[in-house]
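We name chains A, B, ... by the order of the sequence lines, and we start the count at 1 in each one. Computation of the quantities below employed the complete heavy-atom set of this structure, encompassing side-chain atoms and omitting hydrogens, waters and symmetry-equivalent molecules.
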Amino acid sequence: MNMTITVNGASHQLDVPDNELLVDLLRERLRLTGTHVGCDTSQCGACTVHLDGRAVKSCSLFAAQADGGSVTTIEGIGTPGDLHPMQRAFRECHGLQCGFCTPGMIMRAIDLVARSDGLDGGAVRDGLEGNLCRCTGYHNIVHAVLKGQELMGGNDE
Amino acid sequence: MYQFNYAKPATVAEAATLYANAEDPVFLSGGQTLIPTLRQRLAAPTDVIDLSGIGELSGIAVGDGKVTVGAFTRHCAVAESAEVQAAIPALADLAGRIGDAQVRNCGTIGGSVANSDPAADYPAAVVALGATVRTDKRSISGDDFFRDLFETALEPGEIITSIEFPIPDRAAYRKFPNPASRYAVVGVMVADFGGNVRVGVTGAGPCAFRARTIEDMLNANLSTSALDGVEVPDAGFNNDLHASAEYRAHLVKVMARRAVSDLLGA
């Protein structure tokens with residue numbers, strides 16, 4: 001089907017198979033490989049992106065469902081020279097081990113912080129229910145999200 | 001994934017026509033069960049009919065003693081709705097604890113209810129609150145809606161348009177979540193309508209049901225101690241790798257008691 005999608009601010013007109021997943025559109029078609037696929041069962045959250053401002057699992061949506069929508073991926077939130085505050089926080093707190101889950105963690109964390117006022121560690125853990133870290137590095141991830149909350153301050157993404 | 005034809009109708013009538021003219025169609029709502037199922041090749045529909053383009057299916061209205069939730073309303077919208085939080089806090093609370101945040105940002109109430117997953121949360125509320133399920137063809141009482149494992153009173157091609165929840169004086173929902181999926185191993189909603197108590201249970205059996213014995217005991221004496229001697233037979237309960245039928249029967253008692261405790265404390 002023919003569709004229009006805005007990804008990281010750029011509009012794309014694409015002709016995609018009816019059964020293409022959003023994550024495949026992002027990775028295979030637009031070569032935005034920062035969005036990861038960690039499982040085949042919709043459980044790990046590594047593929048989390050923002051669709052119209054909310055965190056969603058891009059492996060559990062058809063590209064067609066995002067027709068007319070606006071997607072932000074990990075590539076769209078900062079640059080190597082100008083990281084997003086949440087990316088800085090993950091770097092400063094060493095909120096990663098192998099790093100595979102990190103893009104999904106960061107995208108979820110930004111949405112979580114933007115929709116809350118004043119998260120504590122428990123609320124961060126609850127809020128990250130949909131993201132798995134197979135290194136089990138959760139402790140520093142929670143630290144990083146709390147730090148990211150501080151760094152994001154009044155700024156939105 | 002198998003091939004299929006995707007369509008995104010703009011009206012309920014158009015969706016119903018597409019369904020009627022397709023060989024082996026399926027409706028797509030939030031997709032949080034259907035899409036993983038398709039990815040695993042556990043289903044092979046010829047046509048996927050996406051209901052997301054039908055504006056009339058979304059939205060929340062409170063009035064006339066009830067909360068009406070459009071079928072395509074996502075879990076996050078119910079959880080975050082100030083109107084739902086004020087009218088039926090237990091319903092907003094339930095919606096806010098379905099799956100995880102990403103699932104709640106996509107999943108819809110109509111999809112959840114139509115699927116009748118034995119471990120889904122919303123069915124407990126439909127049963128406990130005595131909701132009415134409105135479709136493009138008729139109204140179905142919540143008591144008659146859930147029939148069996150993934151089986152409801154819906155006819156093929158019938159589309160849920162909204163669900164009406166009568167507003168109770170007070171209600172509470174407690175669930176024992178599976179730690180991986182956050183599905184309810186057992187979930188119990190207790191609702192008090194002016195001294196008439198209704199109890200809905202999900203997770204325990206093939207589909208959500210009213211726990212009449214517990215209702216009778218609570219109608220005689222609305223307190224946690226009223227349930228001290230309650231017997232919950234495990235006959236017909238789900239028995240799988242997550243929990244035995246016996247354990248689920250025990251959880252029904254524990255979750256019911258906790259829900260009553262929450263309800264009385266509210």
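Although no hydrogens or angles enter the test, the distance criterion places a donor-acceptor pair under 3.5 Å between the side chain of B/Asn178 and the main chain of B/Ser181. The backbone N or O of A/His143 sits nowhere less than 3.5 Å from a side-chain atom of A/Asn140 that would complete a donor-acceptor pair. Distance alone, capped at 3.5 Å, is enough to place a donor-acceptor pair between the A/His84 side chain and the A/Met86 backbone.
When B/Arg257, B/Arg170, B/Arg174 are each tested for a salt bridge (charged side-chain N to carboxylate O under 4.0 Å, His left out) with B/Asp262, only one passes: B/Arg174.
Annotation: the span from B/Leu34 atom CG to B/Leu42 atom CG amounts to 11.0 Å, rounded to 0.5 Å.
For a residue to count as touching a neighbouring chain, one of its non-hydrogen atoms must lie under 4.5 Å from one of that chain's; by this rule A/Leu61 touches chain B with backbone and side chain alike. In this structure, chain B has a heavy atom under 4.5 Å from the backbone of A/Cys39, while its side chain stays farther away. Only the side chain of B/Leu38 comes within less than 4.5 Å of a heavy atom of chain A; its backbone N, CA, C and O stay farther away. Only the side chain of B/Arg182 has a heavy atom closer than 4.5 Å to any heavy atom of chain A. Both the backbone and the side chain of B/Gln3 come within contact range of chain A, each with at least one heavy atom under 4.5 Å from a heavy atom of that chain. For chain B, the nearby part of A/Thr48 is the side chain; its heavy atoms alone come within less than 4.5 Å.
For the options A/Gln43, A/Gln65, A/Arg108, heavy-atom pairs under 4.5 Å to chain B are most numerous at A/Gln65.
The pair A/Asp67-B/Lys8 fails the salt-bridge criterion, with no side-chain N (NZ, NE, NH1 or NH2) lying under 4.0 Å from an Asp/Glu carboxylate O.
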